[in-house]
Number of protein chains: 2
Amino acid sequence: MIKEDLPNCADYVVPVRDCLDIISGKWKLPILGALIQGKKRFKELERSIINITPRMLSKELRELEINQMVKRTVYDTVPVTVEYELTPYGHSLRNVLNEMRAWGIQHRKRIMGTAIPNEVVPTEDLDLVEEEIKS
Amino acid sequence: MIKEDLPNCADYVVPVRDCLDIISGKWKLPILGALIQGKKRFKELERSIINITPRMLSKELRELEINQMVKRTVYDTVPVTVEYELTPYGHSLRNVLNEMRAWGIQHRKRIMGTAIPNEVVPTEDLDLVEEEIKS
DNA sequence: TTAGTTGCTATCATGAAGTATACCGATATA
DNA sequence: TATATCGGTATACTTCATGATAGCAACTAA
């Protein structure tokens, strides 16, 4: 069997996955959500994002920084101060996120008839829902 | 236009996560990409999506069906014939995917200075897609 | 008889993603 | 003296998504 053409539309799949990689993972969205409100220090992020460990926070911030979504600034104070903020480029995700958010809102309504879940939605992370709602 | 100021954590994170859950995972995008071209049978999908196992194909199709992205039709032939196709609702992901695709393309250019991904098979699929969706 | 087709499912193995916990050096506060 | 703060790292562990392989219940074609 010689492989035929258009196996899976790389032209369509690849860029979408590139975008997806930036915002996927358990903590990228909460981090972006926190930073969208303004610059924050490491501990501030750690406190505002419920249940995140410093290891994950550090790792995810580093990835966001590599992808130029986030700028990290170190101030020579004692103890050291490190500030994280969205770059202007990071804000370019807003259109994407707004599209996803709009779609997600109507999807939740469509699937379960109400916008705020107490029970089950397919593939939804209920812990996250509860924690975010409490905050 | 949604909101100029992005909302608080839960209002912002939860719907985006809902949307993300539909299209995340290793195989959802290739499956959607294949089905965007038109209805296909199980074995057709299995052959056209390189390296997917029947286990994963079955599982991902079931999830897409639960979320009303995909319609499954069984014909009483021998051997049995099963057709999968995007629902009209499934096509509503198009705006989201187009936003992500556009962002992904410019991001790849920005990060690596060139738009050449790993194993691209250039196709005209997006134009095809858009024209098919219009009908 | 043997092998192939269809659309799956069951079982087990693996690897990646995420968690838990402890720790760092320099300073400040109780 | 003891503890807390800052921004993390190191190590080990667990959990979850995915992979590999085999098989099923009908048939059909050679």
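In the text below, chain A, chain B and the rest are named by the order of the sequence lines, each starting its count at 1. Given the structure is predicted, the values throughout are model-derived calculations rather than measurements. Basis for what follows: all heavy atoms, side chains included, without hydrogens, waters or symmetry-related copies.
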Check your understanding: Per the side chain to side chain contact (heavy atoms under 4.5 Å, CB included) rule, which among A:L35, A:T73, A:I36 passes with A:E85?
Key ->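 Of all the options given, the one that passes is A:T73.
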Using whole Å, report how far [atom1] of [X] lies from [atom2] of [N].
| X | N | atom1 | atom2 | answer |
| --- | --- | --- | --- | --- |
| B:D21 | D:dC16 | CG | P | 15 Å |
| A:I31 | D:dG8 | CD1 | P | 12 Å |
| B:I49 | C:dG7 | CD1 | P | 14 Å |
| A:R62 | D:dA10 | CZ | C1' | 12 Å |
| A:N51 | C:dA20 | CG | P | 8 Å |
| A:L20 | C:dA17 | CG | P | 13 Å |
| B:R47 | C:dT5 | CZ | P | 8 Å |
| B:L61 | C:dT6 | CG | P | 16 Å |

Checking A:R110 side chain against B:N67 main chain: does a donor-acceptor pair fall under 3.5 Å?
->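 Judged by distance alone, no pair lies under 3.5 Å.
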Measure from the side-chain heavy atoms of [X] and tell me the nearest of [options].
| X | options | answer |
| --- | --- | --- |
| B:V80 | C:dC8, D:dG19, C:dG7 | C:dG7 |
| A:P79 | C:dT6, D:dG7, D:dT5 | D:dT5 |
| B:F42 | D:dT18, C:dT27, C:dC8 | C:dC8 |
| B:K59 | D:dT18, C:dG7, D:dT9 | D:dT18 |
| A:P54 | D:dG19, D:dG8, C:dT19 | D:dG8 |
| A:M56 | D:dT9, C:dT19, C:dG7 | C:dT19 |

If the cut-off is 4.0 Å, is [X] near the phosphate of [N], judged by side-chain N/O to OP1 or OP2?
| X | N | result |
| --- | --- | --- |
| B:R72 | C:dC8 | yes |
| B:S58 | C:dG7 | no |
| A:R41 | D:dG7 | yes |

How is [X] classified with respect to the nucleic acid when contacts are heavy atoms under 4.0 Å: base, sugar-phosphate, or nothing?
| X | result |
| --- | --- |
| B:K26 | sugar-phosphate |
| A:Y84 | sugar-phosphate |
| A:R55 | base |

- Look at atom CG of A:D21 and say whether more than 12 heavy atoms of other residues, nucleotides or ligands are closer to it than 6.0 Å.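 Atom CG in A:D21 is crowded, with more than 12 foreign heavy atoms closer than 6.0 Å.
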Do A:C19 and A:V96 have side-chain heavy atoms sitting under 4.5 Å apart?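 A:C19 vs A:V96: side chains touch.
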Check: Going by the angle between their ring planes, with limits at 30° and 60°, are B:Y89 and A:W103 parallel, tilted or perpendicular?
Finding: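 Rings of B:Y89 and A:W103: parallel, under 30°.
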